[in-house]
Amino acid sequence: MFLKESTFRKFAEIFYQLTGIELKENKKYLIENRLSKFIGENKPYKTYEEFYKALLNDTSGRKKELFIQSLITNYTFFFREPIHFSFVRWYLRNYLEVQPYIRIWSNGCSTGEEPYSIAISALLEYPNLSRYDFKILATDVVVKYLEYAKEGKYPKSKLQSIDQKLLSTYFEEYKEFFMIKKNVKELIAFRLLNIISNYPFSREFDIVFLRNVLIYFSPKEKEKIIQMIYPHLKKNGYLIIGLSESLVGITHFLKPLKYSIYKKA
Ligand SMILES: C[S@@+](CC[C@H](N)C(=O)[O-])C[C@H]1O[C@@H](n2cnc3c(N)ncnc32)[C@H](O)[C@@H]1O
C-alpha cells in the first residue's frame, strides 16, 4: 500500500497540531513505513486515507496516541550521558541546603529512565533526601510512555551496565525485571504535557532536562520552546540539552557552559 502525497500532507498537518513537530517532505517514506503496520488487508485500515479519517473522528484520543507513538522515537536508557547526572549531584551539594526548595524537570522523559536516573543520583548524594523539599517533574506527550515510566518495571536486559550495588539499593528484583523502589518513585511526579502547550507551573525549576527532544523541531520551534522554558527557570538555574545537540543559531538568553549545559545567569 502506498502513501499519496496529499495524504502525507494531511498526516503531517495533524501531527503538527498534536506535537508541534513539522514533518518535511523527506519524511514521507518514514511515515509510510512507520504507519504501514496499520494499513492493508487484515490490518485495522485498508488505506492510509482511511486511517487518516479515523484519526479525525477519534474522540477517545487513543488512535491519535498510537499515531504519535508510531512516529516519535522514545530511545533512552539509564544514566545516558552520565556527566549530566554528576552535574545534578554537584548542584545538590551546593544548593540543597540553601535553597527553600529544589525542582528538577525531565521534559520529554520517555519511559522514565531519565527521571529515575536523576532521582537515584540525588539519593546517592543525599540518602536522607526526604527531609528536604526536593521533587522531580517528568513529562512527555505520549501517554503510553508515561504509563510505562510510572510502573517503573524494567527488563533486566536493559540494566546490564548498572552497578550491582546500585541495583540492590534502588531496585527490587522480580522475575526477569527490576522494579524501582518506592522511595525513588516518590520523588517523581509523572504528567502528560506537550512541550508546545502552556506550562501550568507555580514554582520555578532549578534544572530542566531537555535532552534529545529538540531534534524533532525546526530551528524556529526550538527557539520558541527555549523561550517558553526560560521564565520557568530560577535565576541561576540550568537547562541541559543532549550532548550531541546545540542551540547555535537560536536566539536565547542563556549562558552556554560545558557539556550542553546552559545557565540562566
Ligand atoms: C528520544 S526520547 C528522549 C528521552 C530522554 N530525554 C533521553 O534523553 O534519554 C524523546 C522524547 O521526547 C518526547 N517528545 C517528543 N515530542 C514531544 C512533545 N511535543 N512534547 C513532549 N514530549 C515530546 C517523545 O515522546 C520521547 O519520549
Side-chain angles (χ1 to χ4, degrees), residues 11-24 27 30-31 34 61-88 104-121 136-152 154 158-159 161-162 180 188-201 205 207-229 232 238-247 259-262:
F11 279 129
E13 193 182 319
I14 194 168
F15 189 67
Y16 182 75
Q17 283 163 12
L18 294 169
T19 63
I21 300 169
E22 280 177 49
L23 294 171
K24 296 270 161 50
K27 290 287 190 310
L30 179 100
I31 309 304
R34 294 266 179 93
R62 271 189 225 112
K63 290 177 190 129
K64 289 193 185 104
E65 178 69 23
L66 268 178
F67 170 64
I68 300 177
Q69 212 183 300
S70 309
L71 303 186
I72 283 183
T73 75
N74 64 349
Y75 180 68
T76 185
F77 51 92
F78 280 93
F79 297 99
R80 179 183 200 176
E81 300 173 352
I83 188 79
H84 294 152
F85 302 100
S86 306
F87 180 78
V88 168
I104 300 182
W105 179 12
S106 164
N107 190 347
C109 67
S110 184
T111 40
E113 288 85 338
E114 180 177 274
Y116 286 129
S117 303
I118 299 171
I120 292 170
S121 306
I136 298 163
L137 172 71
T139 61
D140 204 281
V141 74
V142 179
V143 178
K144 196 154 172 228
Y145 301 161
L146 288 169
E147 282 168 1
Y148 189 102
K150 267 188 222 170
E151 199 182 7
Y154 297 92
K158 279 194 125 193
L159 294 159
S161 60
I162 296 191
I180 299 279
I188 308 172
F190 288 98
R191 299 276 180 274
L192 184 67
L193 184 78
N194 192 331
I195 215 168
I196 50 151
S197 62
N198 289 330
Y199 300 149
F201 308 133
F205 293 96
I207 306 175
V208 176
F209 276 67
L210 182 67
R211 305 186 317 158
N212 308 300
V213 183
L214 289 176
I215 36 164
Y216 300 107
F217 295 89
S218 68
K220 205 170 111 230
E221 295 290 346
K222 279 186 193 171
E223 192 167 296
K224 191 167 141 204
I225 292 165
I226 302 295
Q227 289 175 5
M228 278 167 67
I229 292 174
H232 297 284
Y238 295 89
L239 174 79
I240 305 183
I241 60 173
L243 285 181
S244 60
E245 301 177 286
S246 120
L247 297 185
Y259 308 121
S260 296
I261 301 173
Y262 293 78

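Order of appearance sets the numbers: ligands from 1, and atoms from 1 within every ligand.
- Nearest protein heavy-atom contact of atom 22 (N) of ligand 1 is Val141 N, 3.5 Å.
- Numbered from 1 in the order shown, with element, the atoms of ligand 1 that lie under 4.0 Å from a heavy atom of Glu114 read 5 (C), 6 (N), 7 (C), 8 (O).
- When Gly20, Gly108, Ser110 are checked for heavy-atom proximity to atom 5 (C) of ligand 1, Gly108 turns out nearest.
- Counting only heavy atoms from C-beta outward, the side chains of Glu147 and Glu151 never approach each other to under 4.5 Å.
- Between Ile226 and Leu210 there is a side-chain heavy-atom pair separated by less than 4.5 Å.
- Residue contacts with ligand 1 include Ile21, since one of its heavy atoms falls under 4.0 Å from the ligand.
- The contact set between ligand 1 and Thr76, taken as ligand atoms under 4.0 Å from a residue heavy atom, comprises 4 (C), 5 (C), 7 (C), 9 (O).
- Residue-environment remark: NZ (Lys158) exceeds the threshold of 12 foreign heavy atoms within 6.0 Å.
- The part of Leu193 lying near ligand 1 is the backbone, judged by heavy-atom distances below 4.0 Å.
- Protein heavy atom closest to atom 1 (C) of ligand 1, with residue, atom name and distance, is Tyr75 O, 3.3 Å.
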So Phe209 and Ile118, side-chain contact (heavy atoms from CB on, under 4.5 Å) or not? Walk me through it.
CA-CA 10 Å; Phe209 276 67; Ile118 299 171; 3.6 Å; yes

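- Taking every heavy atom of Thr19 and a limit of under 4.0 angstrom, the matching atoms of ligand 1 come to 19 (N).
- Under a 4.0 Å heavy-atom criterion, Phe209 is not in contact with ligand 1.
- At the shortest separation from atom 8 (O) of ligand 1 among protein heavy atoms lies Asn212 ND2, 2.8 Å.
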Assess whether side-chain contact (heavy atoms from CB on, under 4.5 Å) is satisfied between Val141 and Ile72, documenting all intermediate values.
CA-CA 10 Å; Val141 74; Ile72 283 183; 4.2 Å; yes

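- For residues 75-84, the pairs satisfying side chain to side chain donor-acceptor pair (under 3.5 Å) are His84-Arg211, with sequence neighbours left out.
- Counting the atoms of ligand 1 from 1 in the order shown, those under 4.0 Å from a heavy atom of Tyr145 are 25 (O), 27 (O).
- Counting heavy-atom neighbours within 6.0 Å of Tyr199 OH, excluding the residue itself, gives a total above 12.
- Here Lys150 pairs with Phe190 under the side-chain contact (heavy atoms from CB on, under 4.5 Å) rule; sequence neighbours left out.
- Ring planes of Tyr116 and Phe78: parallel class, angle under 30° (limits at 30 and 60°).
- Counting heavy atoms under 4.0 Å from ligand 1, residue Ile195 touches it through both backbone and side chain.
- In Arg211, the parts holding a heavy atom less than 4.0 Å from any atom of ligand 1 are both the side chain and the backbone.
- Near Phe217, meaning under 4.0 Å from one of its heavy atoms, ligand 1 places the atoms 19 (N).
- Neither side chain, Tyr148 nor Ser110, offers a donor N or O lying under 3.5 Å from an acceptor on the other.
- Residues Phe77 and Tyr154 place their aromatic rings such that the two centres sit no closer than 6.0 Å.
- The closest protein non-hydrogen atom to atom 24 (C) of ligand 1 is Ile72 CG2, 3.3 Å.
- Among all non-hydrogen protein atoms, the one lying nearest atom 13 (C) of ligand 1 is Asp140 OD2, 3.3 Å.
- Under 4.0 angstrom from ligand 1, the non-hydrogen atoms of Val142 all belong to its side chain.
- Proximity to Asn194 (heavy-atom distance under 4.0 Å) selects the following atoms of ligand 1: 18 (C), 19 (N), 20 (N).
- Scanning all protein heavy atoms for the shortest distance to atom 7 (C) of ligand 1 gives Arg80 NH1, 3.3 Å.
- Neither the backbone nor the side chain of Phe79 comes within contact range of ligand 1; no heavy atom lies under 4.0 Å.
- Under the 4.5 Å side-chain criterion, counting only non-hydrogen atoms from C-beta, Ile225 is in contact with Ile196.
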